[in-house]
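See below for the structure under consideration.
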Amino acid sequence: ENPDVRTLNWANIQRMFTTNYWEVTDVTGGMYRPLTMLSLYTDYQLYGPEPAGFHLTNTLFNAAVCTLVFAVLLALFGSLTTALMTALFFAAFPMHVENVAWVSGRTDLIATMFMLLSLWCYALWRSRGTTIALAGVIVLFAAALLSKETAVVLPAVVLVLELISHDRARGRSERRNGIVLTVLMFDMALLYLALRKHILGVAVVYFARFTHGVMQATAFSFSILAHYVYKLVFPFHLNPESDFYPPRSFWNIHVLAGILVLLAACYSMYRWRGHGVIVFAIAVAGIGLAPVLNILPIDQVLAERFLYFPSLGFCLLLALGARAWWKRMRRAAMIACTILLVA
């Protein structure tokens, strides 16, 4: 029903990059996602008003992300088995249904695709040190930011990769270059926030809180964390419009579960600090969830589509566990993983 989508010209492209994402229906939405909007305009030129073509595009974006999960993990850690198993678990993960089925909500698909492309360039830059790969990291990160705001967490992911790579095998110049790249990515994030401020009038979207006071707000974040972890472990009973009410105090089963999850994650990262891939997996899940825990209020308490990027970390942990089991009980592990993927 958006008449602008039907015409793709220079005036409309300029408008995409200078207005709010939901300008037609909500001029105060505070979302800046021009590349996502450009994809919808392009789809209309290709398919007209037929929904099948739009769904095909979403399916192709998701397929690209699944392929990039494999390519990025293989480039970063060099394990074919781990990369393949993670990509298979990610491709079959039920919580991704909303991301693919909801056409206008394809923001996570596009942002995650560009984030993974940026990480792939980072892996190439770390192994080859080429200027093209370095430029690719920054440019593709910028593209991810222009697809969805949550891509702003990518510099933190790269920082974790740099920290787990600071071993004796890396020279001083390599470590220095890694620091420079990380600073450049954080600078790009700040530049993006400045751009949002210039165009939308706000650097960070800040909606009205669902809670009262710091204590309840903190308890609410822990409660949401527990719910998302539950959905990662038990990805069934899909619901695109979940109702989730703030706890009245810390003495709530969801809040206590969220605190235990955080403590377990911190302990695991310390316990296996020498295993970079485990630290990376936990960090991706945690960093990916950080923007959607309502630490800074967002317009929706819960959404299964918010798990798209964080689920990469969970699928990697699942693959690492399956691989460890594989070494001890090869046949049993193969049967269990096959049953899980089919289910």
Side-chain angles (χ1 to χ4, degrees), residues 1-9 11-66 68 91 93-117 142-153 192 195-196 199-200 202 205 207 228 231 238-244 288 291-292 294 297-311:
E1 297 176 1
N2 180 357
D4 289 345
V5 172
R6 301 168 193 170
T7 305
L8 183 61
N9 54 33
N12 274 341
I13 291 176
Q14 285 182 307
R15 189 168 183 269
M16 288 178 224
F17 283 85
T18 55
T19 58
N20 167 34
Y21 181 52
W22 294 116
E23 180 74 13
V24 172
T25 58
D26 181 8
V27 295
T28 62
M31 297 179 183
Y32 183 61
R33 303 169 181 178
L35 289 187
T36 299
M37 185 58 76
L38 180 60
S39 74
L40 294 171
Y41 277 59
T42 304
D43 270 4
Y44 194 91
Q45 307 311 307
L46 294 173
Y47 312 118
E50 296 300 321
F54 291 83
H55 286 295
L56 174 62
T57 299
N58 272 25
T59 304
L60 293 175
F61 276 136
N62 183 61
V65 170
C66 295
L68 284 166
F93 200 63
M95 281 294 118
H96 297 166
V97 169
E98 184 179 351
N99 298 99
V100 184
W102 183 28
V103 169
S104 61
R106 66 173 54 162
T107 51
D108 290 281
L109 296 174
I110 302 177
T112 302
M113 181 183 71
F114 283 123
M115 290 169 76
L116 290 174
L117 282 169
L145 289 170
L146 296 177
S147 303
K148 188 172 184 179
E149 298 82 1
T150 50
V152 76
V153 302
Y192 163 74
L195 178 65
R196 282 178 53 86
I199 292 175
L200 304 180
V202 290
V205 179
F207 295 92
Y228 278 135
K231 282 296 185 181
L238 309 184
N239 187 348
E241 295 291 343
S242 299
D243 290 326
F244 198 78
V292 297
N294 270 272
I298 56 179
D299 63 334
Q300 190 165 353
V301 174
L302 289 172
E304 291 169 0
R305 64 185 181 276
F306 294 162
L307 285 173
Y308 194 70
F309 178 71
S311 66

Only one of Asp108, Val292, Thr112 passes side-chain contact (heavy atoms from CB on, under 4.5 Å) with Phe309, and that residue is Thr112

Which value, rounded to the nearest 0.5 Å, describes the distance between Thr107 atom OG1 and Trp102 atom CH2?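 Going from the OG1 atom of Thr107 to the CH2 atom of Trp102 covers 7.0 Å.
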
Which atoms form the tightest heavy-atom contact between [X] and [Y], and what is the distance?
{"X": "Ala144", "Y": "Ala111", "value": "CB-O, 3.7 Å"}
{"X": "Val100", "Y": "Asn58", "value": "O-ND2, 3.0 Å"}
{"X": "Pro291", "Y": "Thr150", "value": "CB-CG2, 4.0 Å"}
{"X": "Leu307", "Y": "Lys231", "value": "CD1-CB, 3.8 Å"}
{"X": "Tyr47", "Y": "Gly53", "value": "CE1-O, 3.1 Å"}
{"X": "Leu302", "Y": "Tyr228", "value": "CA-OH, 3.5 Å"}

Assess whether side-chain contact (heavy atoms from CB on, under 4.5 Å) is satisfied between Asn239 and Glu304, documenting all intermediate values. CA-CA 7 Å; Asn239 187 348; Glu304 291 169 0; 4.0 Å; yes

Please check if the side chain of Tyr44 supplies one atom and the backbone of Phe54 the other of a donor-acceptor pair under 3.5 Å.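 Not a single qualifying donor-acceptor pair exists.
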
If only atom types and distance count, is the side chain of Tyr32 paired as donor or acceptor with the main-chain N or O of Phe17 below 3.5 Å? yes

Assess whether side-chain contact (heavy atoms from CB on, under 4.5 Å) is satisfied between Leu8 and Met16, documenting all intermediate values. CA-CA 11 Å; Leu8 183 61; Met16 288 178 224; 3.9 Å; yes

Before giving the answer on side-chain contact (heavy atoms from CB on, under 4.5 Å), spell out for Val65 and Leu116 the whole-Å C-alpha distance, their side-chain angles and the decisive distance to 0.1 Å. CA-CA 7 Å; Val65 170; Leu116 290 174; 3.8 Å; yes

Return all side-chain donor-acceptor pairs below 3.5 angstrom for residues 33-40, not counting sequence neighbours, or 'none' if the list is empty.
unit_1	atom_1	unit_2	atom_2	d
Arg33	NE	Glu149	OE1	2.9
Arg33	NE	Glu149	OE2	3.4
Arg33	NH2	Glu149	OE1	2.9
Thr36	OG1	Ser147	O	2.9
Ser39	OG	Thr36	O	2.5
Ser39	OG	Arg106	NH1	3.0

